[in-house]
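Before any comments, here is the structure.
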Amino acid sequence: MRTEPAGLPSSGLLPEPEELLEVAYEVGGDYPRWRARLAEPEGEGSWVRLLRDGRLGVWAIAWDRMPPGTAFLDHERIRGAVFVARGALVHERARLGDPPHVDEVGAGNGFCFGETLYHRMHPVGEAGPTVTVHVFAADSAGGSVPALRLGLP
């Protein structure tokens, strides 16, 4: 795997969410090359960092070994993208005063987001094991991309 994904600005500017989605698609499309790393002990079998370089972080997550889903998460000062390499996710975006907007995102598809996203995700059980790639970039006020903990930053 390359150490620098293609398509990111070299000027130090924070990449746009669409640029991060391109990286997520590129890395996710290389699933056969990195999928064995999900079973390595460094990620407790649930997630593994594929790249971390300053303000950019790329992780792969195997949802079959994760808790049933995430709580709503605030991505303040972080832009990102998610690509579904295998299976499917339910993606719920919170909306003030309304029920969440719900999408199902299947294998080969993804989505990106800016710094104001408040959302949660969980795998679609009938879709089989779900594996996703997550790409994050933090603005200068946010410092470096936070390490992935149980759940997502």
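In this chain, residues are counted from 1 in sequence order.
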Heavy-atom closest contact (Leu14 atom, Ala138 atom, distance): CD1-O, 3.2 Å
Heavy-atom side-chain proximity of Val135 to Glu26 below 4.5 angstrom: no
Which residues share a salt bridge (charged side-chain N to carboxylate O under 4.0 Å, His left out) with Arg93, sequence neighbours left out: Asp103
Side chain to side chain donor-acceptor pair (under 3.5 Å) against Thr132, all qualifying residues, sequence neighbours excluded: Trp63, His134
Sub-4.5 Å side-chain heavy-atom contact between Val27 and Trp34: yes
Nearest-0.5 Å distance that lies between atom CD in Glu92 and atom CE in Met121: 10.5 Å
Thr130 side chain to Ala88 backbone, donor-acceptor under 3.5 Å: yes
pair Pro15-Leu20: side-chain heavy atoms closer than 4.5 Å: yes
side-chain contact (heavy atoms from CB on, under 4.5 Å) between Val82 and Val133, worked out: CA-CA 6 Å; Val82 176; Val133 172; over 6 Å; no
Distance-minimising heavy-atom pair for Ala81 and Pro17: CB-O, 4.4 Å
Members sharing Val90's hydrophobic cluster (side chains within less than 4.5 Å): Val102, Val124
Any Leu51 side-chain heavy atom under 4.5 Å of Leu56 side chain: yes
Note, Leu89 side chain near His122 side chain (heavy atom, < 4.5 Å): no
Donor-acceptor contact below 3.5 Å, side chain Arg49 vs main chain Ala60: no
Arg52 side chain near Val58 side chain, heavy-atom distance below 4.5 Å: no
Residue pairs passing the salt bridge (charged side-chain N to carboxylate O under 4.0 Å, His left out) test where at least one lies in residues 80-90, sequence neighbours excluded: none
Close side-chain approach of Phe111 to His91, heavy-atom, < 4.5 Å: yes
Nearest heavy atoms of Ala85 and Gly28, plus distance in Å: CB-O, 4.1 Å
Residues which pass side-chain contact (heavy atoms from CB on, under 4.5 Å) with Tyr25, listed by chain and number, not counting sequence neighbours: Leu21, Phe83, Asn109
